[in-house]
Amino acid sequence: MTSAVFTPWWRHRRPAPTGPVDRTGSVSDTPILDWRHERVQHLLAAARAAASEPGELALLRAGHRLISEQVRPVYALNDTQSVSRTLARGVGSCSQRLAVLEAVARAAGTPTRVRGLLVDGSFWYPRFPRLRPLVPDAVVLAWPEFRIKGTWLNVSELYAPLDALSEANPSGFTNTGSQTLFEALSSTAVDWDGSTCGADSCSSLDLSAQVREDLGRFSSRDDLFATYGQTLCPPARIIGGAVLGRRAAA
């Protein structure tokens, strides 16, 4: 077990918050969410053409499907990579692909914000059964929300309310197999709060036990990572990214 005094170089020590955070959300173009870039604009146009009906929600769903098709899932580690760079590479982690979806939303005029979650590293053990000692103790996760018709919509409910998703797929998201967290949004209840718990017990859909700390809501993922830093230190991101960035997330 890692002591509080000595932390291996590949593990990132989360700094304390530096000040108050703007939680109102925004449509601003940021270093990560560079939605004015032509690649994002092309994706937005494609999402509009592919949307099944008018409206922000249909556009976001179409964008999600296009990202699933066009950006191959890999174990990339740089959470602050620009969306345009992710689109140029055609590969990305779940975090990077969620950022692409946020950029599409902002490009369409839909405000976004993120909820910061500190998720236990054991959540990713099934993906790395032979590399558990190298998995960080905890991972800083930026979970998007979209302001649609005056209400904030959690990305977990992009396709349907959690209750409906839990009924359709009661097995839940286990972080095993070929389905990634990003793809799971279309068919599975990704429940970080225990909302799918019944009166007597919690189902396998409940991921709240994996959340070590709710870091609050931030106007952008840029603000979240500027406040808390990324999960891994720079040397670990470079070395780990060179190895895992070539490996398909399956």
Side-chain angles (χ1 to χ4, degrees), residues 27 29-52 56-108 110 112-114 117 119 123-124 127-128 139-146 153-159 173 175-188 190 220-222 224-225 230-232 237-238 240-250:
V27 294
D29 181 287
T30 72
I32 300 176
L33 306 174
D34 56 344
W35 62 261
R36 298 183 190 277
H37 195 282
E38 62 179 0
R39 294 192 188 98
V40 183
Q41 292 296 317
H42 289 162
L43 181 58
L44 171 62
R48 282 176 169 154
S52 59
E56 296 170 292
L57 194 53
L59 176 65
L60 289 176
R61 290 171 180 168
H64 178 264
R65 290 190 294 269
L66 287 172
I67 295 165
S68 295
E69 295 169 1
Q70 298 178 13
V71 184
R72 182 169 56 88
V74 295
Y75 296 112
L77 303 177
N78 182 10
D79 285 317
T80 60
Q81 176 173 282
S82 70
V83 165
S84 61
R85 173 62 176 160
T86 299
L87 290 174
R89 296 184 65 210
V91 297
S93 65
C94 285
S95 177
Q96 291 169 344
R97 296 162 93 201
L98 285 169
V100 176
L101 184 60
E102 278 191 79
V104 169
R106 290 193 175 202
T110 299
T112 77
R113 67 185 184 186
V114 295
L117 298 172
V119 180
F123 179 66
W124 280 272
R127 299 281 180 184
F128 305 98
V139 174
V140 180
L141 179 65
W143 201 243
E145 296 179 349
F146 308 92
L153 177 73
N154 188 314
V155 72
S156 297
E157 299 188 295
L158 180 62
Y159 284 87
F173 181 74
N175 213 9
T176 59
S178 60
Q179 187 183 57
T180 68
L181 191 60
F182 185 83
E183 272 81 24
L185 295 171
S186 64
S187 60
T188 305
V190 181
S220 71
R221 61 182 51 231
D222 301 66
L224 169 63
F225 293 119
Q230 296 191 61
T231 298
L232 297 175
R237 291 200 300 273
I238 295 172
V243 176
L244 297 179
R246 299 176 182 273
R247 179 179 174 184

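Everything numeric in this text was worked out from a predicted model, so none of it was measured. Values below: every heavy atom of this structure, side chains too, minus hydrogens, waters and symmetry copies.
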Exercise. How about Glu102 and Ile32: do any of their side-chain heavy atoms sit closer than 4.5 Å?
Worked result: no
Exercise. How long is the gap from CD on Gln70 to CG on Leu87, to the nearest 0.5 Å?
Worked result: 8.0 Å
Exercise. Is there side-chain contact between Glu56 and Leu59, with heavy atoms separated by less than 4.5 Å?
Worked result: no
Problem set entry | Residue pair Pro144 / Val114: nearest heavy atoms and the distance that separates them | CA-CG1, 4.1 Å
Problem set entry | Close side-chain approach of Asn78 and Gln96, heavy atoms under 4.5 Å | yes
Exercise. Looking at CG of Leu153 and CG of Leu60, how far apart are the two atoms once the value is rounded to the nearest 0.5 Å?
Worked result: 8.0 Å
Problem set entry | From CA spacing to verdict: side-chain contact (heavy atoms from CB on, under 4.5 Å), His37, Ser82 | CA-CA 10 Å; His37 195 282; Ser82 70; over 6 Å; no
For this session: Would you check if the side chain of Arg106 reaches a backbone N or O of Leu33 as a donor-acceptor pair within less than 3.5 Å?
Result: no
For this session: Take Gln230 and Thr80 through the side-chain contact (heavy atoms from CB on, under 4.5 Å) test and state the conclusion after the steps.
Result: CA-CA 8 Å; Gln230 296 191 61; Thr80 60; 3.2 Å; yes
For this session: Taking the side chain as every heavy atom from C-beta outward, state whether Arg221 and Leu98 have any atom pair closer than 4.5 Å.
Result: yes
Seminar exercise, completed: Closest heavy-atom pair, Asp34 versus Ser84, reported as atoms and distance to 0.1 Å, is OD2-OG, 2.5 Å
Seminar exercise, completed: Residues at least two apart in sequence or cross-chain that pass ring pair (Phe, Tyr, Trp, His ring centres under 6.0 Å) with Phe182, listed by chain then number, are His64
For this session: With rounding to the nearest 0.5 Å, note down the distance linking NE2 in His42 to CG in Leu66.
Result: 14.0 Å
For this session: Test Leu57 against Phe146 for side-chain contact (heavy atoms from CB on, under 4.5 Å), laying out the working first.
Result: CA-CA 9 Å; Leu57 194 53; Phe146 308 92; over 6 Å; no
Exercise. With a 4.5 Å heavy-atom cut-off, do Arg61 and Ser186 have their side chains touching?
Worked result: no
Exercise. What are the two closest non-hydrogen atoms of Ala51 and Ala58, and how far apart are they?
Worked result: CB-O, 3.9 Å
Exercise. Just by distance, do the side chain of Arg72 and the backbone of Gly90 share a donor-acceptor pair under 3.5 Å?
Worked result: no
For this session: Check whether any side-chain N or O of Trp35 sits under 3.5 Å from a backbone N or O of Leu44 as a donor-acceptor pair, and report yes or no.
Result: no
Seminar exercise, completed: All heavy atoms of Leu43 vs all of Ile67, minimum pair found to be CD2-CG1, 4.0 Å
For this session: Heavy atoms only: give me the nearest Ala99-Val83 pair and the separation to one decimal.
Result: O-CG2, 3.4 Å
Problem set entry | Any Leu224 side-chain heavy atom under 4.5 Å of Asp79 side chain | no
Seminar exercise, completed: Tightest non-hydrogen contact, residues Tyr159 and Leu185, listed as CD1-O, 3.5 Å
Problem set entry | Stepwise side-chain hydrogen bond (donor to acceptor under 3.5 Å, both in side chains) test for Ser95 and Ser93 | CA-CA 5 Å; Ser95 177; Ser93 65; 4.8 Å; no
